[in-house]
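In what follows, every chain begins at residue 1, and chains take the letters A, B, ... in the order their sequences are listed. On a predicted model such as this, the values are computed, not experimentally measured, just so you know.
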Amino acid sequence: MPIKEFLEKISDTVWEIPVSYKEGMRVPARIYGTEKIISELDEAVYDQVTNVATLPGITKYAMCMPDGHFGYGFPIGGVAAMDVEKGGVISPGGIGFDINCGMRLMVTNLTYHEVKPYIKKLVDRLYERVPAGVGSSGFVKLSRNDFRQVVEQGAQWCVNNGYGWEEDLELIEENGCIKGADSAKISDKAIDRGFNQIGTLGSGNHYLEIQVARKLDIFDPELAKTMGITMPDQVVVMFHCGSRGFGHQVATDYLQRFLKVMDSKYGIKILDRELACAPFDSPEGQAYFSAMKCGINMSYANRQVILHRIREVFSEIFERSAEDLGMHMVYDVAHNTAKLENHVVDGKKRSLLVHRKGATRAFAPGMADIPERYKNIGQPVIIGGSMETGSYLLVGVPTGDQTFFSTAHGSGRTMSRTKARKAWKGETLLKDMQKKGIYVRSTSMSGLAEEAGAAYKDIDDVIEAAELAGISKKVVRLTPIGNIKG
DNA sequence: ATGTAC
């Protein structure tokens with residue numbers, strides 16, 4: 001029977017697929033989105049999110065955020081909380097290959113008017129100083145043993161070694177170092193792939209962007225001010241990258257290991273090999289959890305070094321120190337993780353492993369683990385749109401409990417990379433963007449075509465859906481003026 | 001996303 005017959009409208013932005021849809025579903029699936037988003041959704045997402053609903057320990061719902069689209073095993077935009085005291089599993093496909101791919105946002109005290117004459121110079125210099133593209137390596141020279149320290153200490157290692165400011169650490173989830181990362185759980189191959197990649201952007205949808213907060217796009221000036229956006233036309237810097245080849249290798253290593261033991265040792269049957277998993281409370285599950293945390297820390301360190309590099313470049317171009325330029329961080333959010341969190345479910349406190357794959361944590365005001373500065377307003381959420389359109393700064397809200405305090409992470413693709421490459425030419429796109437006032441540098445013209453704005457959902461629709469659903473609140477919309485694309 | 005196939 002077609003999926004539409006099963007899809008039940010819960011509200012204007014929440015759609016449910018009951019357990020009767022597919023044998024083995026332990027909980028219903030819920031998809032977030034407006035009627036428009038749902039009508040354009042890739043049908044494969046229904047299949048994937050209902051597969052996720054069959055995994056052991058899944059609590060309440062298998063969910064998909066409004067930017068959701070087809071991914072490896074889980075949809076990208078997938079949220080699944082596993083009860084670790086009830087045989088809950090950990091699944092690499094629910095975290096993503098690019099472990100802790102995420103966004104970081106930094107403000108400046110410069111206005112559009114001041115930056116505009118330098119935009120070309122600024123983007124060109126950033127392009128030189130922040131290595132981008134497939135297989136790129138960074139300027140931080142590390143031995144393999146040093147790198148093992150980095151993946152255990154994350155951004156804290158960077159600040160201790162001169163890359164950044166002490167205050168940066170307070171503005172990263174887990175203060176830039178998730179506890180329990182154990183490099184003994186990492187293969188030599190993963191170390192080999194990662195040790196020279198600190199401070200590199202990567203490729204695909206990874207980018208570094210110079211943006212402007214236009215007056216009419218500051219929706220809540222009080223909240224914006226708390227986050228450092230204090231004036232119209234203020235220039236900010238946002239970037240998106242992850243754990244590069246390192247995280248990819250960690251995911252590959254453990255997917256293979258889980259496939260070997262999942263059924264034979266633990267009797268877990270899954271509907272799709274891409275959902276390979278192991279009980280959280282098993283030697284294999286715990287080993288991956290520790291290894292995945294190394295990926296989380298690698299990614300924090302990567303973004304920390306890039307942040308440092310951006311400060312250096314601005315300082316050079318504007319001939320003032322980064323302090324004088326007010327280059328303070330707003331926040332750093334993780335997209336691809338599984339974290340152990342306490343949540344209240346049906347009135348009871350439970351320990352849940354919350355998988356967020358292409359989804360952002362969005363803690364409400366007053367919750368633990370929010371920096372002091374944001375305690376009263378909620379956790380900042382940084383949403384990167386496609387490079388042509390715009391991005392958003394949001395905050396978490398109390399009604400976010402329905403998604404274990406998770407929201408969207410980006411626009412969400414509507415078109416495959418292959419299709420996008422056929423539909424557009426990178427060179428034309430580059431010129432069109434230039435006309436719109438966005439100066440772009442990219443390592444790859446075909447890569448640029450893959451990231452065309454038209455290959456993505458409308459970011460404004462996605463944010464609107466997230467706000468209407470009560471899973472995050474918008475604060476500022478940010479417009480790009482310069483972009484370095486990996 | 002990714003030394004875009006070990």
Kindly write out the residues that satisfy salt bridge (Lys or Arg N to Asp or Glu O under 4.0 Å) with [X], not counting sequence neighbours, or none if the list is empty.
X         : result
Asp263(A) : Lys269(A)
Asp83(A)  : Arg350(A)
Asp461(A) : Lys36(A)
Asp369(A) : none

Going by the rule ring-ring contact (aromatic ring centres under 6.0 Å, His included), which residues pair with His69(A) if we only count those two or more places apart in sequence or in a different chain?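 Partners of His69(A) by the ring-ring contact (aromatic ring centres under 6.0 Å, His included) criterion come out as none, since no residue qualifies.
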Rounded off to whole Å, could you give me the [atom1]-to-[atom2] distance for the [X] and [N] pair?
X         : N      : atom1 : atom2 : answer
Gln249(A) : dA5(B) : CD    : P     : 15 Å
Glu274(A) : dT2(B) : CD    : C1'   : 15 Å
Asn196(A) : dT2(B) : CG    : P     : 14 Å
Ile191(A) : dG3(B) : CD1   : P     : 15 Å
Asp192(A) : dT2(B) : CG    : P     : 18 Å
Phe97(A)  : dA5(B) : CZ    : P     : 12 Å
Asp98(A)  : dT4(B) : CG    : P     : 15 Å
Phe195(A) : dG3(B) : CZ    : P     : 13 Å

Applying a 4.0 Å non-hydrogen cut-off, can you work out what Glu450(A) is touching in the nucleic acid: base, sugar-phosphate, or nothing?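 Since no nucleic acid heavy atom lies under 4.0 Å of Glu450(A), the category is nothing.
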Classify Lys357(A) by what it touches in the nucleic acid, base, sugar-phosphate, or nothing, heavy-atom distance under 4.0 Å.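 No contact at all - Lys357(A) keeps every heavy atom at 4.0 Å or more from the nucleic acid.
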Proximity to DNA chain B (any heavy atom under 4.0 Å), residues of [range] only:
range                       : answer
residues 409-419 of chain A : Arg417(A)
residues 237-248 of chain A : Arg244(A), Gly245(A), His248(A)
residues 62-74 of chain A   : none

Locate the shortest heavy-atom distance separating Phe246(A) from Phe147(A); write the atom from each residue and the value.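 Scanning both residues, the minimum pair turns out to be CD1-CE2, 3.6 Å.
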Would you indicate whether Arg26(A), at its atom CZ, is surrounded by more than 12 heavy atoms from other residues, nucleotides or ligands within a distance under 6.0 Å?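 Check passes, neighbour count above 12.
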Filter on salt bridge (charged side-chain N to carboxylate O under 4.0 Å, His left out), then keep only pairs touching residues 383-393 of chain A, sequence neighbours left out; what's left?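 The answer is Glu388(A)-Lys436(A).
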Applying salt bridge (charged side-chain N to carboxylate O under 4.0 Å, His left out), which residue pairs with at least one partner in residues 410-422 of chain A are found, sequence neighbours left out?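 Output for this query lists Arg413(A)-Glu451(A), Arg417(A)-Glu450(A), Arg417(A)-Glu451(A), Arg421(A)-Glu450(A).
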Taking only the side-chain nitrogens and oxygens of Ser203(A), find out if one of them lies under 4.0 Å from OP1 or OP2 of dT2(B).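 For dT2(B), OP1 or OP2 has a side-chain N or O of Ser203(A) closer than 4.0 Å.
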Please state whether the phosphate of dG3(B), meaning OP1 or OP2, lies under 4.0 angstrom from any side-chain nitrogen or oxygen of Gln197(A).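 The answer is yes; a side-chain N or O of Gln197(A) sits under 4.0 Å from OP1 or OP2.
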Under the side-chain hydrogen bond (donor to acceptor under 3.5 Å, both in side chains) rule, what pairs show up with a residue in residues 126-141 of chain A, not counting sequence neighbours?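 As it turns out, the side-chain hydrogen bond (donor to acceptor under 3.5 Å, both in side chains) pairs with a partner in residues 126-141 of chain A, which skip direct neighbours, are Arg129(A)-Glu312(A), Arg129(A)-Glu316(A), Ser136(A)-Arg244(A).
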Could you list the residues that satisfy side-chain hydrogen bond (donor to acceptor under 3.5 Å, both in side chains) with Asp146(A), not counting sequence neighbours?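 Testing Asp146(A) for side-chain hydrogen bond (donor to acceptor under 3.5 Å, both in side chains), a comparison that skips the adjacent residues, returns Ser143(A).
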Starting from the C-alpha separation in whole Å, work towards a yes-or-no answer on side chain to side chain contact (heavy atoms under 4.5 Å, CB included) for Leu55(A) and His355(A). CA-CA 12 Å; Leu55(A) 293 176; His355(A) 292 71; over 6 Å; no
